[in-house]
Amino acid sequence: MSFSKRIRYYIFGLLIGLAVVYFITSKKNTEFNYLPIKRVINDLKKKKWVFDETFTNINKDSFLFDIEINFSESLINVDTCNTYQLYKRKKIKFQARNCTKKVYFLNFSSSK
């Protein structure tokens, strides 16, 4: 078997494999969260949200969009609940206390 024929078989098999993987992951609405920020935000989205009185007029649909997490200011593995320091568009600062079943959003402050 010539080298060019082997390359054609390889490319054909690779394309079939990529098509199968694409259709499987698109049907299941799969997300690949490899970065720590994406993993934390995905975990926050899955749980029930509880807001304190400092949060007023919050759009809950796009609340966790464009969020940055400062891990150096966060308290992780200290208690049963991890507390993350979150920033939205570098203007809004708040904390998220991530417990097993609920997420408590605390200390909303805006620097407008």
Side-chain angles (χ1 to χ4, degrees):
M1 188 183 308
S2 68
F3 182 70
S4 64
K5 200 170 191 179
R6 280 188 260 168
I7 291 291
R8 280 187 256 151
Y9 279 128
Y10 175 77
I11 291 174
F12 179 69
L14 183 68
L15 290 175
I16 289 175
L18 288 175
V20 168
V21 168
Y22 172 75
F23 286 117
I24 288 173
T25 58
S26 66
K27 295 287 184 189
K28 292 171 64 175
N29 196 10
T30 306
E31 294 181 11
F32 297 101
N33 298 322
Y34 293 112
L35 298 175
I37 293 174
K38 294 289 185 181
R39 279 189 246 154
V40 169
I41 291 175
N42 191 30
D43 188 40
L44 296 177
K45 286 180 181 178
K46 291 179 182 178
K47 298 179 181 176
K48 185 176 187 222
W49 295 356
V50 178
F51 294 95
D52 72 348
E53 64 276 350
T54 59
F55 287 85
T56 56
N57 299 328
I58 297 297
N59 184 5
K60 294 182 182 179
D61 296 330
S62 64
F63 181 65
L64 289 179
F65 179 73
D66 195 24
I67 291 288
E68 295 178 19
I69 301 173
N70 189 347
F71 287 105
S72 63
E73 294 179 9
S74 300
L75 298 173
I76 302 170
N77 296 330
V78 176
D79 195 3
T80 57
C81 301
N82 294 331
T83 304
Y84 298 102
Q85 190 68 42
L86 302 168
Y87 295 95
K88 186 170 179 100
R89 295 186 199 107
K90 298 188 180 185
K91 295 179 182 177
I92 300 170
K93 178 180 174 183
F94 58 95
Q95 291 180 349
R97 187 161 172 81
N98 188 6
C99 297
T100 54
K101 304 220 182 219
K102 293 182 182 179
V103 179
Y104 299 95
F105 293 100
L106 312 164
N107 302 332
F108 182 83
S109 64
S110 177
S111 61
K112 290 182 181 178

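For the numbers below, each heavy atom of this structure counts, side chains included, while hydrogens, waters and symmetry mates do not.
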>> If the condition is side chain to side chain donor-acceptor pair (under 3.5 Å), which residues does S2 pass it with, not counting sequence neighbours?
In response: S4
>> Grouping I, L, V, M, F, W and Y whenever their side-chain heavy atoms are under 4.5 Å apart, do V103 and V50 come out in a common cluster?
In response: no
> Got a sec, which residues hit salt bridge (Lys or Arg N to Asp or Glu O under 4.0 Å) with D43, two or more places apart in sequence or on another chain?
Replying inline: K47
>> As an exercise, state the distance from CG of D66 to CD1 of I41, rounded to the nearest 0.5 Å.
In response: 9.0 Å
> So if you build clusters from Ile, Leu, Val, Met, Phe, Trp, Tyr with side-chain heavy-atom gaps below 4.5 Å, do I11 and F3 land together?
Replying inline: yes
> How long is the gap from CD1 on I67 to CG on L44, to the nearest 0.5 Å?
Replying inline: 9.0 Å
>> Just to verify, what does S74 make a side-chain contact (heavy atoms from CB on, under 4.5 Å) with, not counting sequence neighbours?
In response: I69, I76, Y84, Q85
> At their closest point, which heavy atom of Y87 faces which heavy atom of E73, and how far apart are they?
Replying inline: OH-OE1, 3.1 Å
> Are Y104 and I92 connected, step by step, through hydrophobic side chains (Ile, Leu, Val, Met, Phe, Trp, Tyr) whose heavy atoms are closer than 4.5 Å?
Replying inline: no
> If two hydrophobic side chains count as joined below 4.5 Å and joins carry through other members, does F23 share a cluster with I16?
Replying inline: no
> What's the spacing between I7 CD1 and L14 CG if we round to 0.5 Å?
Replying inline: 11.0 Å
> If you round to the nearest 0.5 Å, how far is OG1 of T80 from CG of N98?
Replying inline: 10.5 Å
> Does OH belonging to Y9 count more than 12 external heavy atoms closer than 6.0 Å?
Replying inline: no
>> I'd like to know if the side chain of K102 and the backbone of R97 have a donor-acceptor N/O pair within less than 3.5 Å.
In response: no
> If every non-hydrogen atom of R39 is compared with every non-hydrogen atom of Y34, which pair is closest and at what distance?
Replying inline: NH2-O, 2.8 Å
> Rounded to the nearest 0.5 Å, how far apart are OG1 of T100 and CG of N82?
Replying inline: 11.0 Å
> Are F94 and F51 in one and the same hydrophobic cluster, where Ile, Leu, Val, Met, Phe, Trp and Tyr link if side-chain heavy atoms are under 4.5 Å apart?
Replying inline: yes
> Got a second to check how far Q95's CD is from D52's CG, nearest 0.5 Å?
Replying inline: 9.5 Å
